[in-house]
Q: 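Sharing a structure here in structure tokens format.
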Amino acid sequence: MSGLFHRRILSMLLPLPLAFCASAQAQNVVKIATIANGDMTIMQQMSGEFEKAHPDIKLEWHVMDDGELRKQVLSDMNSGQANFDVITVGTYEAPLWGKKGWLQPLNNLPADYNVDDLLKPIRSALSWNGTLYALPFYGESSMTYYRKDLFAAKHLTMPVNPTWDDMKSYAATLTDKSQGVYGLCLRGLAGWGDNVAFITTMANAYGAEWFDQDWHPRLDSDEWRAVLTDYVQMMHDYGPPDAKSNSFGQNLKLFSQGKCAMWIDSTVAAGMVINPQISRVADKVGFAPAPTAISTNGSHWLWAWALAVPQHASHKDQAQQFITWATSQAYIQDVAKTVGWGAIPPGSRYSSYAQVKYQKLAPYAEGVKQAVETATPETPTLYPVPYQGVQYVSIPGFDQMGDAVGKNISDLLEGKKTIDETLNANQQIVTTIYAATVQAN
């Protein structure tokens with residue numbers, strides 16, 4: 001996700017063009033705002049096939065990092081401008097913006113697109129009131145990666161369904177800082193798509209929640225205290241140095257270099273950690289579900305990067321033709337033929353997981369599919385709550401709440417705040433932002 005959730009390592013293998021600008025004389029120039037990651041790089045490299053099949057359409061790419069993309073696209077949506085014909089959005093934005101009328105409804109897709117082939121949780125997460133507002137380029141959940149050789153050396157066995165108590169116990173046994181091996185690598189970088197995305201899944205498993213049934217913030221509860229206490233203890237005792245700066249990319253590098261005994265993060269890393277061109281421990285990696293505690297609800301996240309058409313886009317029909325092509329079964333087959341099955345966009349279509357070649361190449365495939373299918377965005381917590389979303393709360397303003405909470409947790413990790421100060425600060429900032437958001441809407 002968001003940060004959450006990215007396959008940037010592929011961009012090291014496939015050079016990322018800053019922009020591919022078509023001729024200004026083109027009949028229809030479709031402007032695409034997208035994210036700088038490996039999957040989108042492959043899409044750009046293959047998009048010449050789309051232009052050959054649609055000679056009246058030229059594509060103009062605007063490639064940005066996560067933060068800049070969200071900033072520019074949100075600015076356009078708020079102002080009603082149409083600087084882009086295709087925008088890249090996540091499962092957080094799609095239903096909220098669909099409800100606001102900012103996105104073109106996608107209820108007239110061609111029959112051969114096969115909407116029912118899209119993984120149902122992903123399809124639902126990109127819909128509002130039963131209508132799709134974005135098409136998934138790839139989907140993801142979260143899972144546990146672990147070193148089978150280190151487990152065997154300590155006579156440990158990873159359970160079929162590990163718990164957070166298991167994680168703490170195994171991390172204590174496996175940590176050997178003198179050898180540069182850390183028991184557990186987790187996200188520490190502040191942000192609603194970084195440390196907060198991860199910690200919220202942990203909080204859900206512990207029985208914590210962001211709001212109660214009456215929309216009262218619950219960030220200072222005993223459950224949240226237990227979550228943050230365990231998180232900080234694990235990061236300090238079993239994590240790598242400077243863990244507060246680590247997000248997906250940093251932890252991927254650490255795990256691939258053999259420095260993490262366990263790592264809990266996005267399922268999109270699965271193909272990378274077993275790739276010997278990238279990972280020194282490619283033949284030593286095991287896969288397990290994300291940990292649970294007193295609840296399985298919300299213990300693993302759900303995210304997708306998806307393509308949408310703004311309601312005020314200049315070339316809506318041509319834009320929809322492009323996003324239909326870029327998220328189709330045919331496109332996935334073309335990527336498999338051209339680049340390889342290991343490079344296909346994961347987590348979007350059932351048909352991908354039915355491919356025998358993909359199953360043989362990807363021992364993790366069934367685990368990823370199961371993680372996506374069993375994510376519970378509609379019931380994210382142990383007790384009923386009025387919101388949806390696993391690693392985020394699907395309401396306007398959560399991005400601001402999450403960023404502020406993430407900063408406070410980062411301060412706690414650094415010792416700049418006590419646990420009481422962090423809980424109180426989180427409760428206060430969420431209360432303030434939520435009240436302002438309700439008033440504004």
Side-chain angles (χ1 to χ4, degrees), residues 1-16 18 34-44 63-71 88 90 137-147 180-182 184-201 231 235 239-282 285 287 290 300-301 303-305 342-343 345-347 364 368 391 402-403 406-407 409-410 413:
M1 178 216 131
S2 78
L4 273 175
F5 333 85
H6 308 133
R7 306 173 78 198
R8 291 193 179 94
I9 192 70
L10 283 175
S11 64
M12 297 167 61
L13 307 176
L14 298 167
L16 179 68
L18 294 177
T34 194
I35 190 170
N37 72 20
D39 285 307
M40 297 304 184
T41 300
I42 294 173
M43 181 173 67
Q44 292 170 66
V63 181
M64 311 165 218
D65 64 25
D66 307 27
E68 184 60 26
L69 175 73
R70 285 194 169 99
K71 179 180 177 182
T88 303
F137 190 68
Y138 73 79
E140 65 177 67
S141 185
S142 52
M143 68 191 309
T144 301
Y145 305 97
Y146 67 97
R147 288 275 301 280
V181 176
Y182 305 98
L184 188 59
C185 290
L186 305 173
R187 293 193 186 194
L189 185 67
W192 76 269
D194 276 300
N195 64 346
V196 167
F198 166 75
I199 292 170
T200 299
T201 64
Y231 170 74
M235 291 285 265
D242 202 30
K244 69 179 179 61
S245 301
N246 291 345
S247 183
F248 174 86
Q250 291 79 17
N251 284 328
L252 171 63
K253 182 177 180 180
L254 287 168
F255 188 88
S256 298
Q257 291 177 340
K259 296 182 179 180
C260 300
M262 297 183 294
W263 175 37
I264 303 161
D265 212 294
S266 168
T267 55
V268 300
M272 304 176 201
V273 295
I274 66 165
N275 183 342
Q277 293 181 309
I278 299 170
S279 174
R280 296 178 188 172
V281 295
V285 180
F287 306 92
H300 51 285
W301 69 58
W303 182 259
W305 279 117
Y364 52 82
V368 172
Q391 74 277 25
D403 283 345
K407 177 62 168 61
I409 294 173
S410 181
L413 193 59

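Just so it is clear, the model here is predicted, and its values are computed rather than measured.
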Q: Quick check for you: to the nearest 0.5 Å, what is the distance between Leu413 atom CG and Met235 atom CE?
A: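 Those atoms lie 5.0 Å apart.
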Q: Restricting to non-hydrogen atoms, name the atom on Gln391 and the atom on Thr201 that form the minimum distance, rounded to 0.1 Å.
A: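 In this case the closest contact between Gln391 and Thr201 is CB-CG2, 4.2 Å.
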Q: Check the pair Trp301 / Asp265 against side chain to side chain contact (heavy atoms under 4.5 Å, CB included), numbers first and verdict last.
A: CA-CA 9 Å; Trp301 69 58; Asp265 212 294; 3.7 Å; yes
Q: Could you check whether any side-chain heavy atom of Phe137 comes within less than 4.5 Å of a side-chain heavy atom of Asp39, counting everything from C-beta outward?
A: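 They are in contact (side-chain heavy atoms under 4.5 Å apart), so the answer is yes.
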Q: Classify the ring geometry of Trp303 against Trp192: parallel below 30°, tilted from 30° to 60°, perpendicular beyond 60°.
A: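 Ring orientation, 0 to 90° scale: perpendicular.
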Q: Just verifying a value: how many Å separate Leu189 CG and Ile409 CD1, rounded to the nearest 0.5 Å?
A: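 Atom-to-atom, Leu189:CG and Ile409:CD1 are 12.5 Å apart.
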Q: For Glu68, what residues pass the side-chain hydrogen bond (donor to acceptor under 3.5 Å, both in side chains) criterion, not counting sequence neighbours?
A: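 Listed in chain order: Gln72.
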Q: Check whether any side-chain heavy atom of Phe255 lies under 4.5 Å from a side-chain heavy atom of Cys185, and answer yes or no.
A: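 In short, these two side chains do not touch, never coming nearer than 4.5 Å.
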Q: When rounded to the nearest 0.5 angstrom, what is the spacing between CZ in Arg70 and CE in Met64?
A: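 One gets 12.5 Å once the value is rounded to the nearest 0.5 Å.
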Q: For the residue pair Leu186 and Ile199, establish whether any side-chain heavy-atom pair is separated by less than 4.5 Å.
A: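 No, side chains not in contact.
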Q: Are the side chains of Gln250 and Ser247 in contact, using a 4.5 Å heavy-atom criterion?
A: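 With C-beta onward as the side chain, the pair touches.
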Q: Quick check: does any side chain N or O of Ser279 sit under 3.5 Å from a backbone N or O of Val281, one acting as donor and the other as acceptor?
A: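 Yes; judged by distance alone, with no hydrogens or angles, the pair exists.
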Q: Can you tell me how far apart CD1 (Ile35) and OG1 (Thr41) are? Round to the nearest 0.5 Å.
A: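 Atom-to-atom, Ile35:CD1 and Thr41:OG1 are 10.5 Å apart.
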Q: Using atom types as modelled and distance alone, determine if a side-chain donor or acceptor of Arg187 lies under 3.5 Å from a backbone N or O of Gly193.
A: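 Answer holds: yes.
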Q: Ignoring hydrogens and geometry, is there a side-chain-to-backbone donor-acceptor pair from Asn246 to Gly188 under 3.5 Å?
A: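 Judged by distance alone, no pair lies under 3.5 Å.
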Q: Apply side-chain hydrogen bond (donor to acceptor under 3.5 Å, both in side chains) to Lys407 and list each qualifying residue two or more places apart in sequence or on a separate chain.
A: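 Asp411.
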Q: Assess the side chains of Trp305 and Glu140: does a donor N or O sit below 3.5 Å from an acceptor N or O?
A: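 Result is no, nothing qualifies.
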Q: Determine, step by step, whether Met40 and Thr88 satisfy the side chain to side chain contact (heavy atoms under 4.5 Å, CB included) criterion, reporting the C-alpha distance in whole Å, the side-chain angles of both residues, the deciding distance to 0.1 Å, and the verdict.
A: CA-CA 10 Å; Met40 297 304 184; Thr88 303; 3.9 Å; yes
Q: Write down the atom of Cys260, the atom of Leu254, and the distance for their closest heavy-atom approach.
A: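 It is SG-CB, 3.6 Å.
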Q: What's the shortest heavy-atom distance between Leu252 and Ala269, and which atoms?
A: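 Distance-wise, the nearest heavy atoms are CD1-CB, 4.4 Å.
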Q: Please identify each residue that fulfils ring-ring contact (aromatic ring centres under 6.0 Å, His included) with Phe287, with sequence neighbours left out.
A: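 In terms of ring-ring contact (aromatic ring centres under 6.0 Å, His included), with neighbours along the sequence ignored, Phe287 is linked to Tyr145, Tyr364.
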Q: Are the side chain of Thr267 and the backbone N or O of Ser142 linked by a donor-acceptor pair below 3.5 Å?
A: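 Judged by distance alone, no pair lies under 3.5 Å.
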Q: To check you understand the geometry: which heavy-atom pair defines the closest contact between Ala190 and Gly406, and what is its length?
A: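 Minimum heavy-atom separation between Ala190 and Gly406: CB-O, 3.5 Å.
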Q: Show the nearest heavy-atom pair for residues Ala270 and Val368, with the distance to one decimal.
A: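 Scanning both residues completely, I find the closest heavy atoms to be CB-CG2, 4.5 Å.
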Q: For this output row, return yes or no: ring centroids of Phe248 and Trp263 closer than 6.0 angstrom.
A: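 Under 6.0 Å, so yes.
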Q: Rounded to the nearest 0.5 Å, what separation is found between the NZ atom of Lys259 and the CZ atom of Arg280?
A: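 Answer for the NZ-CZ pair, Lys259 versus Arg280, is 7.0 Å.
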Q: Closest heavy-atom contact between Gly402 and Val196?
A: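 Nearest pair, atom of Gly402 first, then Val196: O-CG2, 3.2 Å.
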Q: To the nearest 0.5 Å, what is the distance between CG on Leu184 and OH on Tyr231?
A: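 The CG atom of Leu184 sits 10.0 Å away from the OH atom of Tyr231.
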